[in-house]
J.: 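I am attaching a structure below and will ask some questions about it afterwards.
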Amino acid sequence: MENQNKMYNINDDIAYTMISEEEIQALVKKVAAAIDHDYPDPHKKLLLLCILKGSVVFMGDLMKTIKRPVEIDFMKVSSYGSGTVSSGNVNILLDIHRGDMQDLDIVIIEDIIDSGKTMKYLTQYLKNKGARSIRVAALLDKPSRRKVDFEADYIGVEIEDEFVVGYGLDYDERYRALPYIGILKPEVYTK
Ligand code: PRP
């Protein structure tokens with residue numbers, strides 16, 4: 001039977017690939033090796049804290065690549081809408097609840113740092129909760145977009161101010177599942 005409808009392929013919405021799957025895996029290895037280097041004592045708890053949703057793919061690859069033992073947890077924050085805890089324009093939508101904060105070295109896992117507001121707020125928030133140490137690993141960094149003073153400890157790669165999707169990053173909740181990072185065709189968001 002002939003299929004009348006051409007199957008929709010999200011790859012067709014991408015103008016070009018900015019960072020290929022292979023390049024991303026090299027960045028993951030670089031960040032994982034730096035984390036392994038900086039946290040050599042396997043008996044000290046290291047918590048990889050994934051910031052939902054965009055960081056979930058980076059988190060998955062990173063936790064498989066890091067060789068030392070890690071624990072994982074998840075938070076969700078939002079600059080928009082309403083949350084339970086609010087400060088400035090960052091809302092905590094999903095928090096971590098642990099009784100061992102003072103025994104935790106935390107590495108926050110982020111897909112991208114833009115204005116820096118989310119990470120500036122979250123690192124202070126976790127310090128106030130009593131974490132032993134806090135660092136930030138971001139796959140992508142857009143330093144030209146900074147509105148507050150913030151620098152990540154581990155960065156995959158710096159990029160220009162272009163709107164990127166894939167590998168966790170979305171446009172209108174789509175494209176997160178792409179295994180590479182790409183630039184959307186303009187007609188996708190001008191429709
Ligand atoms: C993105 C990204 C960071 C934040 C960075 O999340 O994942 O958490 O924005 O922006 P900032 O440096 O300007 O604070 P987003 O709010 O798009 O949520 P998502 O990860 O669920 O897509």
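From a predicted model like this one, the values you see are computed outputs, not experimental measurements. Note that ligands are numbered from 1 as they come in the structure, with each ligand's atoms numbered from 1 the same way.
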J.: Need the ligand 1 atom indices (1-based, order shown) with element for anything under 4.0 Å from a heavy-atom of Lys53.
T.: 19 (P), 20 (O), 21 (O)
J.: Would you say that Asp73 contacts Leu48 through its side chain, given a criterion of any heavy-atom pair below 4.5 Å between the two side chains?
T.: no
J.: Quick one: does ligand 1 sit under 4.0 Å from the side chain of Met75, the backbone, both or neither, non-hydrogen atoms only?
T.: neither
J.: Only heavy atoms of Ser115, strictly under 4.0 Å: list the atoms of ligand 1 that pass.
T.: 11 (P), 12 (O), 13 (O), 14 (O)
J.: Within the 4.0 Å heavy-atom shell around Gly54, which atoms of ligand 1 are there?
T.: 19 (P), 20 (O), 21 (O)
J.: Enumerate the atoms of ligand 1 whose separation from the nearest heavy atom of Asp111 is less than 4.0 angstrom.
T.: 2 (C), 7 (O)
J.: Do we see a donor-acceptor contact under 3.5 Å between the side chains of Asp172 and Tyr189?
T.: no
J.: Any atoms of ligand 1 less than 4.0 Å from a non-hydrogen atom of Glu110? List them with their elements.
T.: 2 (C), 3 (C), 7 (O), 8 (O)
J.: Within a distance under 4.0 Å of any heavy atom of Thr118, pick out the atoms of ligand 1 and give their elements.
T.: 4 (C), 10 (O), 11 (P), 14 (O)
J.: Considering only NZ, NE, NH1 and NH2 on the basic side and carboxylate oxygens on the acidic side, decide whether Arg132 and Asp105 come within less than 4.0 Å.
T.: yes
J.: Any luck finding a side-chain donor-acceptor pair between Asp13 and Tyr8 under 3.5 Å?
T.: yes
J.: Is it the case that the side chains of Arg135 and Tyr39 hold a donor-acceptor pair, with the cut-off being a distance below 3.5 Å and no angle test?
T.: yes
J.: Mark up the atoms of ligand 1 that fall under 4.0 Å of a heavy atom belonging to Asp170, in ascending order.
T.: 22 (O)
J.: Is there a polar contact, in the sense of an N or O pair closer than 3.5 Å, between Ile112 and ligand 1?
T.: no
J.: Could you check whether Asp149 pairs with Lys120 (Lys NZ or Arg NE/NH1/NH2 to Asp/Glu carboxylate O, under 4.0 Å)?
T.: no
J.: So for Lys147, does at least one of its heavy atoms come nearer than 4.0 angstrom to any atom of ligand 1?
T.: no
J.: Side-chain contact test, heavy atoms from C-beta onward, threshold under 4.5 Å: evaluate it for Met101 versus Ile106 and give yes or no.
T.: yes
J.: Taking atom NZ of Lys129 and atom CD1 of Ile96, what is their separation to the nearest 0.5 Å?
T.: 5.5 Å
J.: May I ask you to check whether Ser55 has an N/O atom sitting below 3.5 Å from an N/O atom of ligand 1?
T.: no
J.: If we count only N and O atoms by modelled type, under 3.5 Å, do the side chains of Glu187 and Thr190 hold a donor and an acceptor together?
T.: no
J.: Would you mind running through ligand 1 and noting each atom that sits below 4.0 Å from a heavy atom of Leu52?
T.: 20 (O), 21 (O)
J.: Regarding ligand 1, does Gly116 bring an N or O atom to under 3.5 Å of one of the ligand's N or O atoms?
T.: yes
